[in-house]
Amino acid sequence: MNPVLVKDLHYAFGDHVAVDGVDLSLEPGEVFGLLGPNGAGKTTTLRVVTTLLPAPPDTVLVEGLDVVRSRRRVRRLLGYVPQQLSADGTLTGRENVALFARLFDVPRRGRAEAVDAVLDAMGLSESADRTASTYSGGMVRRLELAQALVSAPRVLVLDEPTVGLDPVARSGVWDRIHEVRRANGMTVLVTTHAMEEAELHCDRVALMHRGRLRAEGTPAELTAAIGPDATLENVFRHHTGDTLEAGGMRDVRAARRTARRVG
Amino acid sequence: MSVLPAAPPAASAERSSPTGEIALLLRRVGAMCLVELQKLRHDRTELVTRTVQPALWLVVFGTTFSRLHAIPTGGTPYLDFLAPGILAQSALFIAIFYGIQVIWERDAGVLAKLLVTPTPRVALVASKAFAAGIRALVQALVVVVIALLLGVGMTANPLKLLGAAVVVVLGSAFFCCLSITLAGVVLSRDRLMGIGQAITMPLFFASNALYPVDVMPGWLQVINHVNPLSYEVEALRGLLVGTPARLGLCFGVLVIAAAVMITVASALLPRLAR
Ligand SMILES: Nc1ncnc2c1ncn2[C@@H]1O[C@H](COP(=O)(O)OP(=O)(O)O)[C@@H](O)[C@H]1O
Ligand SMILES: [Mg+2]
């Protein structure tokens with residue numbers, strides 16, 4: 001069974017089409033990267049997968065469950081880290097994680113141990129009793145991973161997990177993701193607009209541009225098809241005629257306009 | 001790494017019986033209320049600074065107007081009359097701020113993360129209502145102490161004090177959920193701030209908090225009839241300083257108003273995450 005299955009997904013905000021016919025089928029245990037510039041529709045796709053945005057029945061399935069009809073059961077299977085740094089700064093690291101343990105019914109017996117274990121796995125044991133407002137960006141991201149992992153999700157959904165982090169913090173985050181995945185076999189669906197990172201850390205990637213997928217495969221397959229020394233950056237340009245930056249700028253402006261109109 | 005919890009089976013048991021559903025709801029409300037308490041514990045200075053305003057109302061406005069004898073309170077000293085009104089007002093000012101907090105949580109991604117847990121929306125809203133109630137009770141305590149220092153004759157009957165606490169929590173729950181509802185309608189912090197400011201003062205002045213209903217012009221009396229703040233003040237006055245009050249009616253109005261508002265706010269909450 002595919003941990004995540006998306007069939008011809010369309011999503012529009014008013015008359016602005018954000019996702020325009022996306023198909024995804026993830027394999028158990030893989031790290032699948034959704035790559036594209038700002039405004040490509042990555043976050044919107046993830047928000048449908050995570051039940052935050054509505055989808056027509058039978059277009060999006062998580063572990064075989066429809067995200068619309070079995071919303072609650074799907075949520076039980078997911079760990080989600082949104083794009084913003086979203087740990088609660090007024091709570092300690094431990095309180096942040098314990099909340100999610102309770103919200104996912106981690107049994108009272110062994111709950112404290114589960115919280116400790118996941119904090120330890122994310123390298124946060126030392127700072128667990130400080131309020132999260134004192135954490136660095138990389139620590140907050142690892143805390144959010146701890147929150148998402150304490151329920152032992154089948155599918156971990158990460159939206160730009162390393163954006164805004166320095167290189168050391170980035171590799172810290174990725175190392176933890178790989179360790180946990182090796183240990184418990186969960187599937188990871190991750191978005192990024194950093195092509196080098198995708199090349200390094202994803203088993204398979206899909207390139208997304210203006211709401212559509214333009215190419216899909218392992219990073220090695222995709223780059224080999226373009227040329228001997230090609231990077232995913234070259235692959236992206238080849239399939240979209242666009243650079244990440246160019247795509248990014250235009251869509252950021254569009255997003256600002258939208259924000260003004262909507263906000 | 002082996003100590004990390006193992007993944008649950010794909011179709012892990014989802015309780016769908018009505019009792020299971022209620023048990024889940026109660027567990028979630030409990031979990032969310034617990035973090036609200038933890039937040040308050042880390043945020044004690046705010047709890048204190050927020051008591052300055054009600055203190056000023058009582059000490060400055062209250063004592064001055066007592067001397068003027070301008071407001072006919074039917075024999076009750078004006079400070080006694082005013083103290084329950086200020087108590088209700090401070091609860092209102094705290095509660096109306098929760099919609100802004102929810103929008104802030106939306107902008108920070110906190111709300112989205114909570115919405116992707118197996119938690120009924122009503123539990124998220126109910127915990128905010130609870131937190132507003134707890135904050136209001138802390139303030140209420142301060143107001144009561146100041147009032148006692150100023151010589152207000154307050155009841156010492158524990159049942160009446162408990163009743164007053166329930167009234168404060170119900171009123172806070174209503175205004176907190178009203179604020180979350182408005183947040184779910186306007187969706188932006190700036191607009192909500194504007195609306196919050198535009199409605200709190202009218203709610204306050206179109207209530208019996210500062211003066212009795214009889215002295216109001218007719219149109220204001222009409223507004224006063226549909227203003228839950230007035231029922232809150234009437235109940236508090238009856239319980240704390242012993243003025244005549246329709247306690248059954250007041251409790252009824254507050255319970256129904258709070259229940260309706262929690263339901264409406266829960267229905268609008270997912271709009272914020274779109
Ligand atoms: N809440 C929203 N309302 C209106 N338009 C939106 C909203 N969220 C995203 N969009 C628009 O949808 C498009 C895709 O956005 P998004 O999925 O966030 O892209 P990405 O995550 O790839 O940067 C963008 O053009 C963006 O402006
Ligand atoms: Mg995004």
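Keep in mind that the numbers below use all heavy atoms, side chains included, and drop hydrogens, waters and symmetry copies. Chain A is the first sequence line, chain B the second, and so forth, proteins listed ahead of strands; every chain is numbered from 1.
Counting heavy-atom pairs closer than 4.5 Å to chain A, the top residue among B/R189, B/H42, B/E105 is B/H42. Of the residues considered (B/A273, B/A108, B/A31), B/A108 shows the highest number of contacts with chain A, using heavy-atom pairs under 4.5 Å. Contact count against chain B (heavy-atom pairs under 4.5 Å) is highest for A/L91 among A/L53, A/T51, A/L91. Contact count versus chain B (heavy atoms, under 4.5 Å) is highest, among A/S70, A/G110, A/P82, A/A148, for A/P82. By number of non-hydrogen pairs under 4.5 angstrom with chain B, the leading residue of A/L103, A/D88, A/V62 is A/L103.
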**OP:** Would you please test A/R47 and B/V116 for side chain to side chain contact (heavy atoms under 4.5 Å, CB included) and show each step?
**Re:** CA-CA 10 Å; A/R47 296 211 294 155; B/V116 186; over 6 Å; no
Subject >> Derivation of the side chain to side chain contact (heavy atoms under 4.5 Å, CB included) call for B/L114 and A/L99 >> reply: CA-CA 10 Å; B/L114 291 173; A/L99 169 64; 4.1 Å; yes
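Annotation: side chain of B/V35 is not in contact with side chain of A/E95 (no heavy-atom distance under 4.5 Å). Within the 4.5 Å cutoff, no side-chain heavy atoms of B/P118 are placed close to those of A/R71. Counting heavy atoms from C-beta outward, B/T117 and A/Q147 have side chains that stay 4.5 Å or more apart. Side chains of A/T90 and B/R41 form no contact here, defined as non-hydrogen atoms less than 4.5 Å apart.
Panel note: side chain A/R75, backbone B/L115; a donor-acceptor pair is recorded below 3.5 Å.
Here the straight-line distance linking atom CZ of A/R102 with atom CG of B/L34 works out to 4.5 Å at 0.5 Å rounding. Here the straight-line distance linking atom CG of B/D107 with atom CD of A/Q84 works out to 8.0 Å at 0.5 Å rounding.
A donor atom on one side chain and an acceptor atom on the other are found under 3.5 Å apart for B/K113 and A/S86.
Of the atoms belonging to A/T92, heavy atoms from both backbone and side chain fall under 4.5 Å from chain B. At a 4.5 Å heavy-atom cutoff, the contact between A/T50 and chain B is made by backbone and side-chain atoms alike.
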